[in-house]
Amino acid sequence: MSASIDVKLAEDPDRESSLSPVRARSGAQKLALAGILGQKPAFVLPGEEQDDRAADALVPAKILPGWSDAEIKELLTRGLFDEATYGRVRIHHRQAQEYLAADELLQMVDQGWPKADLEALLFRNSSGVVVAPAHLQAVAAWCSLRSCDVKNRALKII
């Protein structure tokens, strides 16, 4: 999955690019996580005309502070994203979005975000039963591949 995403994020060598592969991946991870958590899979494409259908799309500039509109547009026009419709784009495959979201969460833990907060996000107590919310189940599964804590928690609720 990771290699496939990297290929789709790679820029066409014949086109000039201002985004490094690392920055493109980081931006894609942040957008993927925001889309999953907000349950809004579409992102507004900067500089494109939009209609009412783009009203429920996330604005990437709010998720990627410090990125220029040109950088955001360059990222959103790479192969990982579907072609623009109605001034918005989506990550081409939901599995890729879930994988990228899990990657972002695990990087946040590596950078000091408490593991307990990750587990609290992925697993909830519902009427005395611990569950993973439906929109986070696949993200939890991807996280469990690299986090023993998440894996052990997931195994307890199966």
Side-chain angles (χ1 to χ4, degrees), residues 1-10 19-46 50 53-69 71-82 87-158:
M1 182 64 74
S2 184
S4 173
I5 289 168
D6 287 341
V7 166
K8 289 177 177 143
L9 281 173
L19 286 180
S20 70
V22 171
R23 187 159 166 91
R25 177 74 178 237
S26 174
Q29 287 178 194
K30 286 173 178 39
L31 292 175
L33 181 57
I36 295 278
L37 293 178
Q39 298 184 54
K40 293 183 177 185
F43 305 97
V44 174
L45 194 60
Q50 302 158 16
R53 288 172 269 213
D56 66 340
L58 295 172
V59 178
K62 292 181 180 179
I63 301 161
L64 302 172
W67 284 55
S68 69
D69 282 350
E71 289 175 312
I72 291 170
K73 189 167 187 173
E74 185 177 333
L75 174 62
L76 295 179
T77 56
R78 294 202 175 174
L80 180 66
F81 297 87
D82 284 332
R88 62 195 174 148
V89 297
R90 297 172 179 250
I91 294 177
H92 185 62
H93 289 288
R94 180 145 180 99
Q95 288 177 335
Q97 184 173 9
E98 293 160 344
Y99 179 86
L100 285 166
D103 256 5
E104 181 66 13
L105 289 171
L106 293 171
Q107 277 187 1
M108 290 168 57
V109 169
D110 290 344
Q111 295 168 356
W113 191 46
K115 290 180 182 179
D117 288 353
L118 172 63
E119 289 185 38
L121 174 69
L122 297 175
F123 305 104
R124 314 268 168 81
N125 191 333
S126 176
S127 303
V129 177
V130 177
V131 298
H135 69 288
L136 294 173
Q137 288 175 353
V139 175
W142 284 115
C143 285
S144 72
L145 293 175
R146 295 192 343 240
S147 170
C148 289
D149 295 330
V150 173
K151 178 179 75 175
N152 291 336
R153 187 82 185 266
L155 288 172
K156 286 181 184 176
I157 66 170
I158 294 179

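In this chain, numbering begins with 1 at the start of the sequence shown.
The heavy-atom pair separating Asp82 from Val89 by the smallest distance is O-CG1, 3.5 Å. In terms of heavy atoms, His93 sits closest to Lys8 at CD2-NZ, 4.3 Å. Nearest heavy-atom pair, Leu31 versus Phe43, reported as atom, atom and distance to 0.1 Å: O-CZ, 3.1 Å. Contact detail for Arg88 and Ala57: the closest heavy-atom pair is CB-CB, 4.3 Å. When all heavy atoms of Val139 and Ile36 are compared, the closest pair comes out as CG2-CG2, 4.0 Å. Heavy atoms only, all atoms of each residue included: Pro65 and Lys62 are closest at CD-O, 4.2 Å.
With sequence neighbours left out, the side chain to side chain donor-acceptor pair (under 3.5 Å) criterion links Arg124 to no other residue. Residues passing the side chain to side chain donor-acceptor pair (under 3.5 Å) test with Gln95, sequence neighbours excluded: none.
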Asp149 and Leu118: CA distance, side-chain angles, deciding distance, side-chain contact (heavy atoms from CB on, under 4.5 Å) verdict: CA-CA 10 Å; Asp149 295 330; Leu118 172 63; over 6 Å; no
Step-by-step side-chain contact (heavy atoms from CB on, under 4.5 Å) determination, Met1 to Trp142: CA-CA 11 Å; Met1 182 64 74; Trp142 284 115; 4.0 Å; yes
Derivation of the side-chain contact (heavy atoms from CB on, under 4.5 Å) call for Ser2 and Arg25: CA-CA 10 Å; Ser2 184; Arg25 177 74 178 237; 3.3 Å; yes
Verdict with reasoning, Cys143 to Leu122, per side-chain contact (heavy atoms from CB on, under 4.5 Å): CA-CA 9 Å; Cys143 285; Leu122 297 175; 4.2 Å; yes
Salt bridge (charged side-chain N to carboxylate O under 4.0 Å, His left out) evaluation trace for Lys115 with Glu119: CA-CA 6 Å; Lys115 290 180 182 179; Glu119 289 185 38; over 6 Å; no
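No side-chain donor-acceptor contact under 3.5 Å links Ser26 to the backbone of Arg23. With hydrogens and angles disregarded, a donor-acceptor distance shorter than 3.5 Å links the side chain of Thr77 to the backbone of Glu74.
Lys40 NZ to Leu58 CG: the interatomic distance, rounded to the nearest 0.5 Å, is 6.0 Å. The CG atom of Leu100 sits 9.0 Å away from the CD atom of Glu104 when rounded to the nearest 0.5 Å. In this structure, CG in Asp69 is found 10.5 Å from CG in Leu76, a value given to the nearest 0.5 Å. The distance from the CD atom of Gln39 to the CG atom of Leu136 is 7.5 Å, given to the nearest 0.5 Å. Atom CZ of Phe81 is separated from atom CD of Gln97 by 8.5 Å, given to the nearest 0.5 angstrom.
Counting only heavy atoms from C-beta outward, the side chains of Met108 and Leu33 approach each other to under 4.5 Å. Leu80 has its side chain out of reach of His92: every pair of non-hydrogen atoms, C-beta onward, lies at least 4.5 Å apart. Within the 4.5 Å cutoff, the side chain of Leu19 has no heavy atoms near those of the Leu9 side chain.
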